[in-house]
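Just below is one structure, and these are the notes that go with it.
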2 protein chains.
Amino acid sequence: MEKQDVDRTLSLMWRRALGVPQGSRGPRQRFSVDEVIRAGIAVADEEGLPAFSMRKVADRLGLKLMSIYTYVPSRDELIGLMVDDVMGEAELPPHRGDWRERLTVVARQMWDEFHRHPWLLQVEQSRPWIGPNGSDRWEWQLTAIEGAGFTDLEMDQVITLISDFTMASARADVAARRAAEQSGISDAEWWAVNAPVLDRVMPPGAYPISGRVGTTAGEEYNAVRDSERSFRFGLDRILDGIDHLLASRPRAGG
Amino acid sequence: MEKQDVDRTLSLMWRRALGVPQGSRGPRQRFSVDEVIRAGIAVADEEGLPAFSMRKVADRLGLKLMSIYTYVPSRDELIGLMVDDVMGEAELPPHRGDWRERLTVVARQMWDEFHRHPWLLQVEQSRPWIGPNGSDRWEWQLTAIEGAGFTDLEMDQVITLISDFTMASARADVAARRAAEQSGISDAEWWAVNAPVLDRVMPPGAYPISGRVGTTAGEEYNAVRDSERSFRFGLDRILDGIDHLLASRPRAGG
DNA sequence: CCTAACTCCGTATGCTGCACGGTATTTCGG
DNA sequence: CCGAAATACCGTGCAGCATACGGAGTTAGG
């Protein structure tokens, strides 16, 4: 990645704050960057990131492949722009209630977003782009726990913890859904193929605990996995742990 | 993916338990499946999953491309075999200490493994393969908290929580390292390009809390992010939260 | 008015996974 | 001992990908 691309992409990120660029020579672009980004999001929503290609974005707009490169420097940068764009969809309402309720809202918002745009989980950002919507959200998330009694460092760590956990839970959930929908093999068929081999191959009694736990979980979930429930369980534990951190030290303010 | 491939891959997964297949006609294979898998792991270790290709595996063994397909059904299945193989590297020592120490060992083992083989974080398993090493580990992880006072369902959820969080933390850490190493742009250069644009574009005072928290964190970490420290912070919170769950109910056994 | 700058696009390069079919090799059935 | 079947290995081809390069047409500034 070239430095000039970094600069150009950053300028594209903050295009609203920077205002319309000066009129320049040559033909006008047929579309706006926003339209290209939205076309990209549409493709990614429908087909996922692995199947996301520059050609499909071009086709969707009625452009030919190479014209896309006059709008954005490359595929990776377009994806970065798509990510920040999508982060602008969610509202950032004023916070209500105590920090626990607030963090629940923060986590749930991310959870919902990952389900609305599952390809977000497939983005491999080497270095995260700093865009306006991401920045606004980061500020909003920190505001949720401002004044709750954390040090600045802990505020960073708490939001990181919530974000990381939510992302991992959503990833597991989305992967499970995708497996059921698009692999062409249902859960039942999958087990019908697996079971005979595993019966033949797993030494009887080799997995006493996982056998017991897996059976219980399977019955309770009515599936191999209930990610929504695991998410709520994990979030509750994490919030309890954060509560313990606050309770274990002398209160500063009310 | 075809059902027969599922069956074939499962048989490959459990190849040791199934024993050597009957002698059959035709020339012997020049290599063993294990050698192909190990070659694949070597390629993935060196170049990461995106650059992992069947051709490179073939080259490494001195085979031509298409010969690899006589060993494994396809790229995805080879990756599945690589994953289970890698999970056999870690020792599963008898558990010592209380459940808290044990879960720390469980988490740390995964953390180390993701750093030894960062490509594990890039694997997109639609449906996870059930292999011997993965099964052994799952049993070992559950054993760590057997008898600690959890219900069977909670045992599943606790291990899922630890796994999900560790995976997400490791992902963040590995991504940060990769950015620094391979993007060709150092942290300093990155900020040198970012700062002027952001100064021009972020309204002054628009991000009071993130500005303050980011500065504190940056000074404390000596970097944008200290993932190792965030991991330890998060894990401590989670363990506290789990402790709270156990403490909040009548003890069953000692 | 002319030229620089720009958009759009055709073409080419070098990757990828993998389907198909051919040839050489080995073993089993008779 | 011989023929047929099965298998390993590989050459070729197809379709898809990102993107580099250069050309043709368009617009605005000097």
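Every chain is numbered from 1, with letters handed out A, B, ... down the list of sequences.
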Side-chain N,O ([X]) to OP1/OP2 ([N]) below 4.0 Å:
X	N	result
Ser67(A)	dC9(C)	yes
Arg30(A)	dC9(C)	yes
Ser24(A)	dA5(C)	no
Arg25(B)	dG29(C)	no
Tyr69(A)	dC9(C)	no

Exercise for the section: In sequence, state the C-alpha distance, the side-chain angles, and the governing distance for Asp45(B) and Trp119(B), and then conclude on side chain to side chain donor-acceptor pair (under 3.5 Å). Expected result: CA-CA 7 Å; Asp45(B) 282 347; Trp119(B) 52 269; 2.7 Å; yes

Handout entry: Side-chain-base donor-acceptor pair under 3.5 Å for Arg75(A) and dA18(D)
Key = no

Handout entry: Closest-nucleotide 5' rank along DNA chain C - winner of Arg55(A) and Gly26(A)
Key = Gly26(A)

Using a 4.0 Å heavy-atom cut-off across all strands, classify [X] as base, sugar-phosphate, or nothing.
X	result
Phe31(A)	nothing
Met54(B)	sugar-phosphate
Ser53(A)	sugar-phosphate
Leu65(B)	base

Practice task
Return yes if a side-chain donor-acceptor contact under 3.5 Å exists between Thr160(A) and Gln157(A), otherwise no.
Solution key: no

Exercise for the section: Please name the pair of heavy atoms, one in Met13(B) and one in Gly80(B), separated by the smallest distance, quoted to 0.1 Å. Expected result: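 The answer is CE-O, 3.3 Å.
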
